[in-house]
Enquirer: 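Before I ask anything, here is the structure I am working with.
Only a predicted model underlies this, so the values are computations on that prediction, with no experimental measurement involved.
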Amino acid sequence: MNLVKRCGRGRTGGIPVLLAGTLALASTLLGGPATAAPQGTLHELAAAQGKYFGSATDNPELSDAAYAATLGSEFGQITPGNSMKWDTTEPAEGRFDFTKGDVITDFARQHGQTVRGHTLVWHSQLPGWVAALPSSRVEAAMTDHITREATHYRGAVAAWDVVNEPFNEDGTFRTSPFYSAMGSDYIATALRAAHAADPDAKLYLNDYNIEGLGAKSDAMYALASELIDEGVPLDGVGMQAHLAVQYGFPYEMRENMRRFAALGLDVAVTELDVRMQLPADAARTATQSSYYRQVVEACLAVERCVGITAWDYTDKYSWIPNTFPGEGSAGLYDENLSPKPAYAAVRTALGGEDSGGEPGAIKVRYRSGDSSAGDNQIKPGLQVVNTGTTAVSLSEVTVRYWFTGDNGASTYATWCDWSPLGCATVTHRVAAPGSPSAGADHYLEVGFTGGSLAPGASTGEIQLRLSKTDWSDFDESDDYSHGSGTSYGDTPEVTAYVAGDLAWGVEP
Ligand code: XIL
């Protein structure tokens, strides 16, 4: 057994100080930048990776000269926060008003930016007259609205959120005047109408809480697959990404993006912000930076992720305090338009692989909590220890305990029985690797909803348990991660990852 710790990737973080100094000197002599910090605006950095970096904006804010200056220089794409919504563009039936949206597309044109049109069909910010229509008239009203608006913005809008927020949290279709009148067919009808009006615009479905794997993103995935099978014009899926420090980072965001990409769709992060309970403190701010960074890393890791839009770049104009009382500080810039730590984190992440930093230095200690290797439960005890010199954000850490399912059910139940962190902070599930190897056709994956591990600190013991749903017995003796020691020891057969990169151990 090879017990050598394998590092995730070689990065410039490992360059010895002397050599780094020489490189800096060399680049100064050559006339290049003397620092390793990536140059350019957020959008320029993103564009160097084939993506855009954008921001939402709104008409009243554009009279704020300092705000508009940064909006126009730092961002390569803008989305109107309100001015293309139905209540603004068709407040009364057949009375269209595109004045406010035109101000946004003019701004974009003057600053060489692309525009995401937001949004043609949505249950919210919908004028009362639509809801008051008899259901027999809703389809015509919807297609007329789409046709007029998408035709008006032809050439000025690169992509449309054609339908916004079609799903409930459990993945069922959300009730709206459109769903009530047409059932889920309204979505295909809306996409076809938008395509007819502007054949060049990229057409998206957009929703929140679909950033990670889960019931709601499964529903979006099923819908997108069905629409594609039926030949309905659909180009992409927008993940709003209204994240919150207190709810943890979306589960497997890049895997989720990849499955949409595999359907042949583009993916866009359309409304990114990371709110927190106020007051902002150091821990919340650090978690926020880490979430912003992880979103950027996920997008960079998936070729079909076309770009990221912040749902307004500054706390000064964020929608969060009005909608989530007691929460805020969600943006990349503060209320004085000064960049926050999250801004630096995004820049670093956009600077590419070499400036992404080492994966956090961590190790896993394990003991068996199980006196029988042949009964119906597996009971690993785990500890994650920070062996590095900087804090590790636990929301980025996952641990895999590899085992074989043996005979019986292939579905599992998992438990956290005890941890000084509190089991509410610990996530656990069983998954199967793409291809099984000896002693490892499944793994128990453990993660954390948040928190930070200081240099040298340990999570303390996490007592875990799993069984098959039919309670049939395991034979643990051949399991890759299984050991019989009952006191904790460093265990490379239990692997650990930081932001998806192997940071400890040897995979089976
Ligand atoms: C928000 C705007 O930012 C606010 O100004 C407005 O009062 C409410 O809507 N999901 C969406 C966006 O798709 O349209 C919402 O924008 C935020 C949530």
Side-chain angles (χ1 to χ4, degrees), residues 54-64 67-68 70-72 75 77-93 95-111 113-131 141-142 145-146 148-153 156-166 174 176-178 190 194 201 204-208 238-242 268-273 275 308-325 327-328 330-333 335:
S55 173
T57 189
D58 213 351
N59 298 64
E61 307 159 22
L62 292 175
S63 57
D64 175 340
Y67 166 85
T70 299
L71 181 73
F75 301 95
Q77 176 274 326
I78 55 176
T79 304
N82 288 297
S83 46
M84 290 186 189
K85 290 173 178 173
W86 196 318
D87 58 353
T88 301
T89 54
E90 194 186 2
E93 188 169 9
R95 182 161 70 73
F96 287 87
D97 183 351
F98 298 116
T99 344
K100 286 185 172 170
D102 290 352
V103 172
I104 306 295
T105 52
D106 286 347
F107 184 95
R109 203 172 300 117
Q110 284 155 19
H111 295 86
Q113 297 165 314
T114 56
V115 177
R116 288 187 56 88
H118 177 80
T119 171
L120 294 169
V121 180
W122 189 27
H123 68 278
S124 184
Q125 295 180 266
L126 185 65
W129 68 263
V130 182
M142 181 186 83
H145 178 77
I146 294 170
R148 291 284 297 270
E149 181 158 3
T151 302
H152 177 83
Y153 286 115
V157 158
W160 273 109
D161 291 329
V162 177
V163 176
N164 197 31
E165 302 181 353
R174 185 196 286 274
S176 67
F178 313 106
Y204 279 70
L205 304 177
N206 193 50
D207 214 326
Y208 61 93
M239 300 176 174
Q240 293 185 5
H242 292 296
V269 177
T270 52
E271 306 183 13
L272 177 61
D273 51 20
R275 64 187 188 270
I308 297 174
T309 308
W311 202 246
D312 224 313
Y313 70 87
T314 164
D315 294 342
K316 189 171 184 183
Y317 298 117
S318 167
W319 69 303
I320 295 295
N322 289 329
T323 310
F324 301 91
E327 296 179 45
L332 292 167
Y333 290 65
E335 306 220 345

Enquirer: I'd like to know if the side chain of D161 reaches the main chain of L205, judged simply by a donor and an acceptor atom lying under 3.5 Å from each other, with no hydrogens or angles considered.
Expert: no

Enquirer: Partners of D64 by salt bridge (charged side-chain N to carboxylate O under 4.0 Å, His left out), sequence neighbours excluded?
Expert: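 Result, salt bridge (charged side-chain N to carboxylate O under 4.0 Å, His left out) vs D64: K316.
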
Enquirer: Less than 4.5 Å apart, any side-chain heavy atom of P321 and any of D315?
Expert: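 With C-beta onward as the side chain, the pair stays apart.
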
Enquirer: Rounded to the nearest 0.5 Å, how far does CZ of F96 lie from OG1 of T151?
Expert: 9.5 Å

Enquirer: Could you tell me the separation between the CD atom of Q113 and the CD1 atom of I104, rounded to the nearest 0.5 Å?
Expert: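 Here the interatomic distance stands at 10.0 Å.
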
Enquirer: Main chain of E165, side chain of R174: is a donor-acceptor contact present, judged purely on distance under 3.5 Å?
Expert: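 Yes, because the side chain of R174 sits within donor-acceptor range (under 3.5 Å) of the backbone of E165.
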
Enquirer: Could you report the tightest heavy-atom contact between Y204 and G238, atom names first, then the distance?
Expert: CD2-N, 3.6 Å

Enquirer: As a quick check of understanding, evaluate side-chain contact (heavy atoms from CB on, under 4.5 Å) for V130 and F178, giving each step before the final call.
Expert: CA-CA 9 Å; V130 182; F178 313 106; 4.1 Å; yes

Enquirer: Taking the side chain as every heavy atom from C-beta outward, state whether W311 and T79 have any pair of such atoms under 4.5 Å apart.
Expert: yes

Enquirer: Sub-3.5 Å donor-acceptor pair from the side chain of E327 to the main-chain atoms of I320, do we have one?
Expert: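 Looks like no, no N/O pair under 3.5 Å.
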
Enquirer: Tell me the closest heavy-atom pair linking P91 and P127, and the distance in Å.
Expert: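 Closest heavy-atom pair between P91 and P127: O-CB, 3.7 Å.
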
Enquirer: So, applying side chain to side chain donor-acceptor pair (under 3.5 Å) with Q240, which one of N164, D207, T270 is it?
Expert: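 Only match with Q240 under side chain to side chain donor-acceptor pair (under 3.5 Å): N164.
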
Enquirer: Any idea how Y67 and Y313 line up, ring-wise: parallel (<30°), tilted (30 to 60°), or perpendicular (>60°)?
Expert: parallel

Enquirer: Do W319 and D273 make a side-chain contact, defined as non-hydrogen atoms from C-beta onward lying under 4.5 Å apart?
Expert: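 Yes, side chains in contact.
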
Enquirer: Out of the candidates L71, D58, D312, only one should pair with Y317 under the side chain to side chain contact (heavy atoms under 4.5 Å, CB included) rule; please name it.
Expert: D312

Enquirer: For the pair T119 and N206, evaluate side-chain contact (heavy atoms from CB on, under 4.5 Å) and give the outcome as yes or no after the intermediate values.
Expert: CA-CA 9 Å; T119 171; N206 193 50; over 6 Å; no

Enquirer: Kindly assign one of parallel, tilted or perpendicular to the pair W129 and W86, based on the angle between their ring planes and the thresholds 30° and 60°.
Expert: perpendicular

Enquirer: Where is the tightest heavy-atom contact between A330 and S318, given as atom of each residue plus distance?
Expert: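 Here A330 and S318 meet closest at CB-OG, 4.3 Å.
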
Enquirer: Taking all heavy atoms of A156 and all of R109, pick out the closest pair and write down the distance.
Expert: CB-NH2, 4.2 Å

Enquirer: If we only count heavy atoms from C-beta on, is the M84 to T88 side-chain gap below 4.5 Å?
Expert: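 M84 does not reach T88 side chain to side chain.
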
Enquirer: How about N82 and D87: do any of their side-chain heavy atoms sit closer than 4.5 Å?
Expert: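 N82 does not reach D87 side chain to side chain.
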
Enquirer: Using modelled atom types only, decide if a donor and an acceptor are shared between the side chain of N59 and the backbone of K100 within a distance under 3.5 Å.
Expert: yes

Enquirer: I78 and A108: which non-hydrogen atoms are nearest, and at how many Å?
Expert: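 That would be CD1-CB, 3.9 Å.
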
Enquirer: Please verify the inter-ring angle class for F98 with H152; under 30° counts as parallel, over 60° as perpendicular, anything in between as tilted.
Expert: parallel

Enquirer: To the nearest 0.5 Å, how far apart are OG in S55 and CD in E271?
Expert: 11.5 Å

Enquirer: Please find the pair of heavy atoms, one from E90 and one from H145, that lie closest to each other, and give the distance.
Expert: OE1-ND1, 2.7 Å

Enquirer: Under a 3.5 Å distance rule, please check whether S63 uses its side chain to pair with a backbone N or O of P60 as donor and acceptor.
Expert: yes

Enquirer: Between F107 and H111, what is the ring plane arrangement, given parallel below 30°, perpendicular above 60°, and tilted in between?
Expert: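 Rings of F107 and H111: parallel, as their planes differ by under 30°.
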
Enquirer: Is P177 close to L126 at the side-chain level, that is, under 4.5 Å between some pair of heavy atoms?
Expert: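 Counting from C-beta outward, L126 and P177 do come under 4.5 Å.
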
